[in-house]
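Okay, structure first, notes after.
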Amino acid sequence: MKASPTTRAKSKTPPQWRLAAADQTGKGFMNHHVDTRNLEGYLQDLQEEDSDDEKLSQAFHLTRSEHQHEARELAEQTLKENPASASALFVSAAECESRQDWAEAARFFLLGLSHNSSDTSMEHGFQTNVDMLRSNRNRHVERPKTNKWDEGLVFKPQQRQAETKLKALEKPPWYRLGPLFEQLIDNPGFLSDLTEADADPEAEKMELRRIIYQHLPFFNLIYNYYSSDLNETVSSDQSSMIEIEFDGHEMSGNKRKLKLKGFWRILKECKIAVGNARSKMPVAVFDRIWIQGNQRMAVLNKDATYDVSTEDPHDPEHKMTFYDFLEAIIRAASLKLNGTVSSRFENLLKDFLKPFAMRKQTEKAFLELRSEAVKGVLYRSNVHSNLRKIFEFFISSYPHNKIKRNVIGPMDLTMSLNHVYFALEKMEVFDALFNYKKCVATYCQITCDSDLLPQEHPNNQNSEMTFDEFLEMMLRIARKKKPVGDAKSALKEFLAHVFHVSQNLVPWKLHDTKEDTA
């Protein structure tokens with residue numbers, strides 16, 4: 001008796017009929033008839049096992065006599081009673097192969113493998129039909145044949161030349177924007193120092209025009225959002241539904257302008273301002289970039305009365321026009337990212353501005369700082385003046401001051417973390433509720449700097465905190481010390497202590513604020 005399919009599965013030698021089919025596959029299998037006599041050896045084994053099944057015996061006889069359709073019908077009747085019958089699956093697969101239906105034949109072999117994964121005959125049958133599918137598959141991608149003489153021909157049809165000339169004369173819609181945009185891009189004193197450094201300045205200018213033209217509604221939306229000091233989530237998709245207010249043609253009037261503190265919100269909320277081991281880019285750096293634009297314009301207009309060194313670059317009430325804002329964003333991109341000016345601008349727009357801008361801020365300290373009660377305390381003239389004196393005193397009296405580069409003038413004052421440690425120690429602020437670790441965490445939250453040490457250290461000297469951020473730190477420290485109750489009472493209590501201790505430290509007389517902090 002010959003070996004059964006289960007016994008043959010353990011053998012590494014495939015049956016002769018499958019080897020013959022594989023050999024025909026390698027030759028392309030161009031004939032339209034399958035020689036089922038190669039099945040005889042394997043089907044004889046199956047017949048001996050299923051000799052008691054009359055349907056299968058008849059199916060084997062029909063398969064050998066090349067009556068595949070009748071054999072398939074008998075095999076399907078067997079499969080309804082026993083879906084795992086290997087004999088019926090082989091008969092069905094043979095009928096499919098006779099019609100060159102390789103996909104259906106492969107399906108039957110795969111079904112047999114699912115019932116007996118060790119049957120190598122099923123595996124060979126499946127693989128052979130897959131190979132047939134590959135050799136006969138349609139080639140959907142047909143590349144057009146090219147004539148090797150085309151590039152060498154000098155003569156071109158006149159019509160084709162006319163079409164080429166017409167396309168060359170077509171200009172994109174951003175070829176020329178409004179006069180105010182053209183002044184920003186093309187005139188000296190604005191962005192020309194950035195574009196002229198590129199290998200192809202004209203191409204860079206055209207790219208800047210394209211980006212501004214394509215995203216102008218979004219820039220109008222974000223400018224109006226932060227100039228109105230809103231705090232609600234607004235999708236950037238809404239930019240397509242708003243009326244474009246700044247299109248490069250409008251006359252300069254009494255339109256609402258963005259304040260510098262609104263620009264700070266953009267820098268922080270969009271994660272543009274950052275500090276780490278590789279670079280330090282706090283908001284103070286971007287303030288200097290913006291104020292230097294005023295200096296460039298003064299030089300361009302030959303205004304001898306303007307002196308940038310008398311300006312406080314960190315004054316939150318500075319106002320930026322829409323075109324100042326756009327220039328500041330482009331220069332921020334040039335400082336933060338790598339590549340050409342246009343690619344930096346576009347990447348800043350896609351990776352920072354659109355994903356993070358105009359999102360509702362829910363942090364408790366942020367909301368308390370915006371409240372009218374807290375503003376009424378911090379920005380009251382006497383309190384504000386005293387805090388400014390304290391701020392300037394501890395910067396100037398710090399014994400290990402480091403000379404900073406790129407400082408605009410004497411009004412350009414910022415506090416490093418070492419200055420803050422020094423000031424808080426002198427003002428007797430540190431205690432169990434507020435220690436060095438909480439101090440560095442608070443400083444990092446405000447300035448977006450993540451590379452600072454909880455002690456006085458030379459590495460902390462490169463950090464920068466503006467006076468407006470110093471006011472925010474006073475509020476945050478007050479809430480750390482008194483987390484229960486309203487923010488106004490906690491701030492008043494903390495400032496009363498600060499002014500009392502600082503009175504004996506600051507050489508300038510502090511204003512009486514007993515009524516303000518009572």
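The figures that follow rest on heavy atoms only: side chains count, while hydrogens, waters and symmetry mates do not.
- The distance from atom CG of Asp186 to atom CZ of Phe181, rounded to the nearest 0.5 Å, is 14.5 Å.
- The pair Arg476-Glu363 meets the salt-bridge criterion, with a side-chain N (NZ, NE, NH1 or NH2) lying under 4.0 Å from an Asp/Glu carboxylate O.
- To the nearest 0.5 Å, the span separating OG1 on Thr310 from CD1 on Ile408 amounts to 11.0 Å.
- At a threshold of 4.0 Å, the pair Glu368-Arg479 counts as salt-bridged, since one of the basic side-chain nitrogens sits closer than that to a carboxylate oxygen.
- Put simply, the side chain of Glu392 never gets that close to the backbone of Ile390: no donor and acceptor are under 3.5 Å apart.
- At least one donor-acceptor pair under 3.5 Å links the side chain of Asn220 to the backbone N or O of Glu245.
- Using a 4.5 Å heavy-atom threshold, the side chains of Pro201 and Glu204 count as separate.
- Taking CD1 of Ile477 as the reference point, atom CG of Leu433 lies at 12.5 Å (rounded to 0.5 Å).
- Residues Met358 and Gln238 fail the side-chain proximity criterion, which asks for heavy atoms closer than 4.5 Å.
- Considering CD1 of Ile212 and OG of Ser342, their distance stands at 11.0 Å, rounded to 0.5 Å.
- Using modelled atom types, one side-chain atom of Lys268 and one backbone atom of Ile446 make a donor-acceptor pair closer than 3.5 Å.
- Using modelled atom types, no side-chain atom of Thr340 and backbone atom of Asp198 make a donor-acceptor pair closer than 3.5 Å.
- Checking side-chain atoms of Arg344 against main-chain N and O of Gly339 turns up a donor-acceptor pair under 3.5 Å.
- Annotation: cation-pi geometry satisfied between Lys354 and Phe218 (NZ/CZ under 6.0 angstrom from ring centroid, within 45° of ring axis).
- Phe219 and Phe345 have their aromatic ring centers within a separation under 6.0 angstrom.
- Ion pairing between a basic and an acidic side chain is recognised when a charged N comes within 4.0 Å of a carboxylate O; Arg278 and Asp451 show no such pairing.
- The backbone N or O of Ser343 sits less than 3.5 Å from a side-chain atom of Asn347, completing a donor-acceptor pair.
- Cation-pi check for Lys426 over Phe394 is not met; the charged atom does not lie both under 6.0 angstrom from the ring centroid and within 45 degrees of its normal.
- Between Pro179 and His249 the shortest heavy-atom distance is CD-ND1, 3.4 Å.
- Two residues are said to be in side-chain contact when any heavy atoms from C-beta on lie closer than 4.5 Å; Leu180 and Gln183 meet this criterion.
- Two residues are said to be in side-chain contact when any heavy atoms from C-beta on lie closer than 4.5 Å; Tyr225 and Arg265 meet this criterion.
- Inter-residue side-chain proximity for Trp290 and Glu327 is flagged as unmet; no heavy-atom pair is nearer than 4.5 Å.
- Considering all non-hydrogen atoms of both residues, Leu475 and Ala365 come closest at CD2-O, 4.2 Å.
- Within the 3.5 Å criterion, the main-chain N or O of Met465 finds no donor-acceptor partner in the side chain of His314.
- For the pair Trp264 and Asp468, the minimum side-chain heavy-atom distance is below 4.5 Å.
- Both tests pass for Arg388 against the ring of Phe467: distance under 6.0 Å to the centre and angle within 45° of the axis.
- Under the 3.5 Å distance criterion, the side-chain polar atoms of Lys336 are matched with a main-chain donor or acceptor of Ile272.
- The number of heavy-atom neighbours closer than 6.0 Å to NZ of Lys319, taken from other residues, nucleotides and ligands shown, is 12 or below.
- Between the side chain of Arg370 and the backbone N or O of Asp229 there is at least one donor-acceptor pair closer than 3.5 Å.
- A donor atom on one side chain and an acceptor atom on the other are not found under 3.5 Å apart for His318 and Asp312.
- Closest approach of Ile395 and Leu413 over heavy atoms only: CD1-CB, 4.2 Å.
- Relative to the ring axis of Phe434, Lys438 does not place its NZ or CZ within 45° and under 6.0 Å from the centre.
- Between His400 and Tyr398, a ring centre-to-centre spacing shorter than 6.0 Å is recorded.
- Residue pairs that meet the side chain to side chain donor-acceptor pair (under 3.5 Å) test with at least one member in residues 500-509, sequence neighbours left out, do not exist here.
- At a threshold of 4.0 Å, the pair Asp412-Arg288 counts as salt-bridged, since one of the basic side-chain nitrogens sits closer than that to a carboxylate oxygen.
- Salt bridge Glu493/Lys481: absent, no basic N to carboxylate O contact under 4.0 Å.
- Residues Thr447 and Glu464 are not in side-chain contact: their nearest non-hydrogen atoms beyond the backbone lie 4.5 Å or more apart.
- Aromatic ring centres of Tyr323 and Phe190: separated by at least 6.0 Å.
- Residues Lys261 and Glu317 are in side-chain contact: their nearest non-hydrogen atoms beyond the backbone lie under 4.5 Å apart.
- Atoms CG and SG, from Leu417 and Cys444 in turn, are 7.0 Å apart once rounded to the nearest 0.5 Å.
- Ring pair Tyr223/Phe325 is tilted by interplanar angle, where 30° to 60° counts as tilted.
- Minimum interatomic distance between Pro282 and Ala273 (heavy atoms only, all atoms of both residues): C-CB, 4.4 Å.
- A pairwise comparison of heavy atoms in Pro173 and Tyr213 identifies CB-OH, 3.5 Å as the closest pair.
- Atom OG of Ser416 sits about 8.5 Å away from atom CD of Glu456, to the nearest 0.5 Å.
- Listed here is the closest heavy atom pair of Glu346 and Ile211: CB-CD1, 3.8 Å.
- Here the side chain of Ser228 pairs no donor or acceptor atom with the backbone of Leu230 at under 3.5 angstrom.
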